[in-house]
Visitor: 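Below you will find the structure I want to go over with you.
Remember, it's a predicted structure, so these values are computed and weren't measured experimentally.
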Amino acid sequence: MKLIIMGPPGSGKGTVSERLEKEYGWLHVSPGELLREEVVKGTRIGKEIKSYIESGKLVPDRFVVEMVKLEVKGKDNYILDGFPRSLDQAKSIEELKIDIVIYLDVSEEEVIKRFAGRRVCEQGTHGYHVQYLPPKKEGICDVDGSKLVQRKDDTPKVIKQRFKIFHEQTETVRKFYDKKKMAVKIDASKEPEKVYDLVKKVVKEMKKQG
Ligand code: AMP
């Protein structure tokens, strides 16, 4: 199964993708995570893209598109989390023959409430929420044992910018997939467990259809 998970910042894309990865063993590809890792490691690419991420802008396609294509090359089962985010990106992966696009629908007011409690491990890989998705040990990542921190782009000013980009660019991606009848909208305003159940229902239905 080839899946795209879309939605506004803070809609739970990463959480849903991580759970699908665990349950079905599908590869979870998150350009956001991969890019953050480059920044943390201080690589040449990391240095070039840091300012885009920290100001909430989209990283230029030359860093993102090939990176995603390389990750999924030759694979049949994967989740694209937060990609594509622009019409150009969507058009550039037409050849991948994506099966379904899941759109996590949640209001801006609701996600803004969630941001204060969002945490991520120091590598920028595993996401938590102090209230809705706490780690087993407070302040420590369950998976890699690193300290949990707030994302640099989770400040009110940057969140505003990320929403602006979302409305300007990412909404057109949804319309693109809507027209192709590939997008399924899910109510993502509920707690993580309920949202995941709804996603699973869609996935199971897709699997039945083969
Ligand atoms: P995310 O972890 O998905 O919220 O992404 C965090 C940041 O990484 C975004 O605000 C962008 O700066 C960058 N990013 C993630 N996905 C993409 C993408 N598909 N295209 C360009 N930039 C991206």
Side-chain angles (χ1 to χ4, degrees), residues 1-35 56-59 61 64-69 71-73 75-112 114 127 159 161-210:
M1 177 103 51
K2 297 173 183 173
L3 215 92
I4 288 173
I5 306 277
M6 287 191 67
S11 57
K13 300 185 289 290
T15 306
V16 165
S17 305
E18 275 178 31
R19 293 210 44 185
L20 286 172
E21 177 185 32
K22 239 193 223 158
E23 182 157 357
Y24 294 100
W26 299 337
L27 176 70
H28 170 199
V29 181
S30 160
E33 276 175 20
L34 296 170
L35 297 167
K57 297 201 180 100
L58 290 187
V59 169
D61 282 356
V64 184
V65 176
E66 281 314 306
M67 186 177 82
V68 172
K69 283 189 179 172
E71 288 283 316
V72 302
K73 200 171 176 194
K75 307 216 166 67
D76 292 322
N77 295 299
Y78 50 81
I79 311 144
L80 298 184
D81 159 15
F83 184 92
R85 264 169 146 110
S86 67
L87 202 52
D88 279 347
Q89 289 183 1
K91 287 182 177 163
S92 76
I93 56 156
E94 287 269 76
E95 81 248 23
L96 295 183
K97 305 260 177 284
I98 297 294
D99 294 298
I100 191 157
V101 177
I102 293 184
Y103 181 80
L104 301 180
D105 188 35
V106 56
S107 72
E108 206 165 312
E109 296 81 67
E110 172 60 32
V111 287
I112 282 173
R114 291 180 189 175
I159 290 166
Q161 171 67 17
R162 286 161 66 198
F163 269 110
K164 189 167 164 259
I165 303 260
F166 174 76
H167 292 306
E168 282 170 5
Q169 308 217 26
T170 314
E171 291 270 39
T172 59
V173 178
R174 175 155 70 113
K175 287 187 191 132
F176 175 77
Y177 289 122
D178 261 347
K179 263 200 199 136
K180 291 173 173 284
K181 307 239 178 303
M182 286 169 70
V184 175
K185 192 159 92 174
I186 280 188
D187 177 3
S189 64
K190 303 176 179 356
E191 47 283 27
E193 203 56 42
K194 289 205 177 123
V195 175
Y196 185 62
D197 283 346
L198 292 172
V199 170
K200 241 173 72 176
K201 235 185 189 171
V202 173
V203 166
K204 277 190 183 154
E205 201 49 46
M206 265 315 275
K207 284 184 126 197
K208 250 199 260 162
Q209 288 172 20

Visitor: Over all heavy atoms of both residues, which pair between Glu21 and Ile79 is shortest? Give the atoms and the distance, please.
Guide: N-CD1, 3.8 Å

Visitor: If you define the side chain from C-beta out and look only at heavy atoms, does anything of Val29 sit under 4.5 Å from Asp81?
Guide: no

Visitor: Looking only at heavy atoms, which two atoms of Lys2 and Lys97 are closest? And how far apart?
Guide: CD-O, 3.6 Å

Visitor: Which atom pair, heavy atoms only, marks the closest approach of Val68 to Pro31?
Guide: CG2-CG, 3.9 Å

Visitor: Looking at every non-hydrogen atom in both residues, tell me the closest pair between Leu87 and Val173 and how far apart they are.
Guide: N-CG2, 3.8 Å

Visitor: Just verifying a value: how many Å separate Met6 CE and Asp105 CG, rounded to the nearest 0.5 Å?
Guide: 11.0 Å

Visitor: Does the side chain of Pro8 come within less than 4.5 Å of Val106's, by heavy atoms?
Guide: yes

Visitor: Using atom types as modelled, flag every donor-acceptor pair under 3.5 Å from a side chain in residues 202-210 to any protein atom, sequence neighbours excluded.
Guide:
none

Visitor: Measuring only between side-chain heavy atoms, which start at C-beta, is His28 closer than 4.5 Å to Tyr78?
Guide: no

Visitor: Only pairs at least two apart or in different chains count here, so list each ring pair (Phe, Tyr, Trp, His ring centres under 6.0 Å) that has a residue in residues 166-210.
Guide: none

Visitor: Do Leu104 and Val199 make a side-chain contact, defined as non-hydrogen atoms from C-beta onward lying under 4.5 Å apart?
Guide: yes

Visitor: Using a 4.5 Å cut-off on heavy atoms from C-beta on, say whether the side chain of Val195 contacts that of Thr15.
Guide: no

Visitor: Nearest 0.5 Å, what's the OG-CD distance between Ser11 and Glu110?
Guide: 11.0 Å

Visitor: Which residue pairs pass the salt bridge (charged side-chain N to carboxylate O under 4.0 Å, His left out) test when at least one of the two sits in residues 11-20, sequence neighbours left out?
Guide: Arg19-Glu193

Visitor: To the closest 0.5 Å, what do you measure between CD (Glu171) and OG (Ser86)?
Guide: 14.0 Å

Visitor: Does a salt bridge link Glu168 with Lys164, judged by any charged N lying under 4.0 Å from a carboxylate O?
Guide: yes

Visitor: Checking Arg162 side chain against Gly56 main chain: does a donor-acceptor pair fall under 3.5 Å?
Guide: no

Visitor: Nearest 0.5 angstrom please: Ile100 CD1 to Ile98 CD1, how far?
Guide: 11.0 Å

Visitor: Go through the steps for Ile93 and Leu80 under the test side chain to side chain contact (heavy atoms under 4.5 Å, CB included), then give the verdict.
Guide: CA-CA 11 Å; Ile93 56 156; Leu80 298 184; 4.0 Å; yes

Visitor: Could you go through the side chain to side chain contact (heavy atoms under 4.5 Å, CB included) check for Val72 and Leu96 one step at a time?
Guide: CA-CA 9 Å; Val72 302; Leu96 295 183; 4.1 Å; yes

Visitor: With a 4.5 Å limit on heavy-atom distance, are the side chains of Phe163 and Ile112 in contact?
Guide: yes

Visitor: Give me the one residue out of Leu58, Val65, Val59 that meets side chain to side chain contact (heavy atoms under 4.5 Å, CB included) with Asp61.
Guide: Val65

Visitor: Taking it one step at a time, do Lys69 and Glu95 satisfy salt bridge (Lys or Arg N to Asp or Glu O under 4.0 Å)?
Guide: CA-CA 10 Å; Lys69 283 189 179 172; Glu95 81 248 23; 3.4 Å; yes

Visitor: Should Lys200 and Glu23 count as side-chain neighbours, where that means a heavy-atom distance under 4.5 Å?
Guide: yes

Visitor: Check Ile4 against Pro84 and note the closest heavy-atom contact, atom names and distance.
Guide: CD1-CD, 3.6 Å

Visitor: Please table the atom pairs, donor to acceptor, closer than 3.5 Å between any side-chain atom in residues 184-191 and protein atoms at least two apart or in another chain.
Guide:
unit_1	atom_1	unit_2	atom_2	d
Asp187	OD1	Ser189	N	3.0
Asp187	OD1	Ser189	OG	2.7
Asp187	OD2	Lys190	NZ	3.0
Glu191	OE2	Lys194	NZ	3.3

Visitor: I need the Thr172 OG1 to Asp178 CG distance, nearest 0.5 Å.
Guide: 11.5 Å

Visitor: Scan residues 83-94 for pairs that pass salt bridge (charged side-chain N to carboxylate O under 4.0 Å, His left out), counting only residues two or more places apart or in two chains.
Guide: Glu94-Lys180

Visitor: For Lys57, give me all partners under side-chain hydrogen bond (donor to acceptor under 3.5 Å, both in side chains), at least two apart in sequence or on another chain.
Guide: none

Visitor: Check the pair Ile159, Val111 against side chain to side chain contact (heavy atoms under 4.5 Å, CB included), reporting the backbone distance first and the verdict last.
Guide: CA-CA 10 Å; Ile159 290 166; Val111 287; over 6 Å; no

Visitor: How long is the gap from CE on Met67 to CZ on Phe83, to the nearest 0.5 Å?
Guide: 8.5 Å

